[in-house]
Amino acid sequence: MAEPSELTATDEPITAEELTEIIAELEEYRERLVNDTLAAAQRAKMQKSKALAQLEPDLYKIDGTLQALRNQQAVTTSN
């Protein structure tokens, strides 16, 4: 997955449509990551809470990136 700095490292500004697409893809990735992790935990007979606890740092990072992108989108669409 691209780091936030990689998403904005171009000379051209990101359009509102591109931001919407990036946000949607990142939300889908987050959902798939949670679902796949829980499915693997279930197959391994691992507790759901333990699997989610291991995933938590990644989810915080994704959620932070999503919030930054949403903030950028709000600024872009208000101009």
[X] side chain near [Y] side chain, heavy-atom distance below 4.5 Å:
X	Y	answer
Thr37	Leu52	no
Ile23	Leu26	no
Leu59	Val34	yes
Leu55	Leu38	no

Legend entry - Cluster overlap Tyr29 with Leu19, hydrophobic side-chain contacts below 4.5 Å: yes
Inset, instruction - Return the set of residues passing salt bridge (Lys or Arg N to Asp or Glu O under 4.0 Å) with Asp36 (not counting sequence neighbours), or none when no residue passes. - result: none
Legend entry - Glu27: salt bridge (Lys or Arg N to Asp or Glu O under 4.0 Å) partners, not counting sequence neighbours: Arg70
Legend entry - SB check Arg30 Asp63 (cutoff 4.0 Å): yes
Legend entry - Atom pair CD/NZ of Glu56 and Lys61 - distance to nearest 0.5 Å: 15.5 Å
Legend entry - Gap between atom CD of Glu21 and atom CD of Glu25 - 0.5 Å precision: 5.0 Å
Inset, instruction - Please step through side-chain contact (heavy atoms from CB on, under 4.5 Å) for the pair Leu69 and Thr65, ending with a clear verdict. - result: CA-CA 6 Å; Leu69 289 169; Thr65 302; 4.1 Å; yes
Inset, instruction - For Glu31, check side-chain hydrogen bond (donor to acceptor under 3.5 Å, both in side chains) against everything at least two apart and list the hits. - result: none
Legend entry - Heavy-atom neighbours of Glu18 CD exceed 12 at 6.0 Å: yes
